[in-house]
Amino acid sequence: MGPENNGERAPQSCDRLIIALDFDSSEEALALVELLGERIGIYKVGYQLFMREGMSFVKELVGLGKRVFLDLKMGDIDRTIAAALRAVPEGVEFVTINGGKATVAAAKEGRGERDRPLILSLTFLSSLDQDDLRALMMNENLELDEYVRVFTRRSIEAGCDGVVASGESIREIRREFGNSLVIVAPGIRPEGKNRNDHKRALTPKMAIDYGADYLVVGRPVTEAENSLEIAENLIEEVNCAVAGKRD
């Protein structure tokens, strides 16, 4: 996938699953991290937890040997973005940004000579669909797939390492751009489970088949009474999907 073409190893199947720590406190988040143990190596920290616990929690996760997807969709003046990236600690695997070429350039400047974090651009929220896009853009003829393709092309040209993409858009992105970028798929749901507010949710198999490198899942694990069992089942689904693609 994407990392392999950037001179890195492709992610191992056990590394592909990212658990979103959408909690109100570090205590709740760390309890799940402890429960899942060595099974999960990457965790997503978004607004909900970051606003309460800040970068100190991110550093605590890194101190536990975990990697972090820092999903803050950062967008600001270039100087601020560069300074923010300089403050990102080692162990943060991905950050999301919201901006054009100048924003990406500032993020890369702040990252400096380090090869991490990978800088991801968000294509279109998984909680939105074709109708939402047309309403937001006030264009009744705008097609979601075309919008995502154009956005992805511009993100690559701007220097992003990858994108966050949902649904069938992943397949179209991989088809058009090959293995030149990392694709992270949010809103992953086990087969037959509630999609919650993700209108373009995918199962692990669908996401892998479409070409995603990393899969993000939250509530099916974090809100389950049997979180460990659900996580293990998801890992098995990912393993089977990856093995199926290799055959």
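Everything numeric in this text was worked out from a predicted model, so none of it was measured.
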Rounded to the nearest 0.5 Å, the CD atom of Glu232 sits from the CG atom of Leu17 at a distance of 11.5 Å
Short side-chain donor-acceptor distance under 3.5 Å, Ser169 and Glu172: no
Without swapping roles, check the side chain of Tyr43 against the backbone of Leu61 for a donor-acceptor pair under 3.5 Å. no
Any link between Val95 and Ile77 through a network of hydrophobic side chains (Ile, Leu, Val, Met, Phe, Trp, Tyr) touching at under 4.5 Å? no
Kindly say whether Asp76 contributes a backbone atom to a donor-acceptor pair with the side chain of Thr80 at under 3.5 angstrom? no
Donor-acceptor pair, side chain of Asp161 and main chain of Ile119, under 3.5 angstrom: yes
State plainly whether the residues Asp22 and Arg219 are in salt-bridge range, i.e. N to O under 4.0 Å. no
How many angstroms lie between atom CG of Leu85 and atom NZ of Lys108, to the nearest 0.5 angstrom? 11.5 Å
Roughly how far, to the nearest 0.5 Å, is the CD1 atom of Ile18 from the CG atom of Leu215? 8.0 Å
Output for pair (Arg116 CZ, Glu90 CD), nearest 0.5 Å, gives 10.5 Å
Which residue in the set Arg39, Lys66, Arg67 passes salt bridge (Lys or Arg N to Asp or Glu O under 4.0 Å) when paired with Asp15? Arg67
Less than 4.5 Å apart, any side-chain heavy atom of Ile230 and any of Leu234? yes
Here the gap from Arg153 atom CZ to Leu181 atom CG, rounded to the nearest 0.5 Å, amounts to 12.0 Å
Is the shortest heavy-atom distance from the side chain of Val33 to the side chain of Leu21 under 4.5 Å? yes
Should we say atom CZ of Arg79 is surrounded by more than 12 heavy atoms from elsewhere, each under 6.0 Å from it? no
Rounded distance (nearest 0.5 Å) linking atom CG of Leu120 with atom CG of Asp71: 8.5 Å
Closest contact, heavy atoms only, Gly110 versus Arg86: O-CG, 3.2 Å
Has the side chain of Thr96 got a donor or acceptor atom that lies under 3.5 Å from a matching backbone atom of Ser121? no
I want to check something: taking the side chain as every heavy atom from C-beta on, are Ile81 and Met74 in contact at a cut-off of under 4.5 Å? yes
Quick check on the 6.0 Å ring-centre criterion: do Tyr214 and Phe69 meet it? no
Is the backbone N or O of Gly211 less than 3.5 Å from a side-chain atom of Arg174, with the two atoms forming a donor-acceptor pair by type? yes
Is there a donor-acceptor pair closer than 3.5 Å between any side-chain N or O of Ser26 and the backbone N or O of Glu53? no
Check Lys205 with Glu237, please: is the shortest side-chain N to carboxylate O separation under 4.0 Å? no
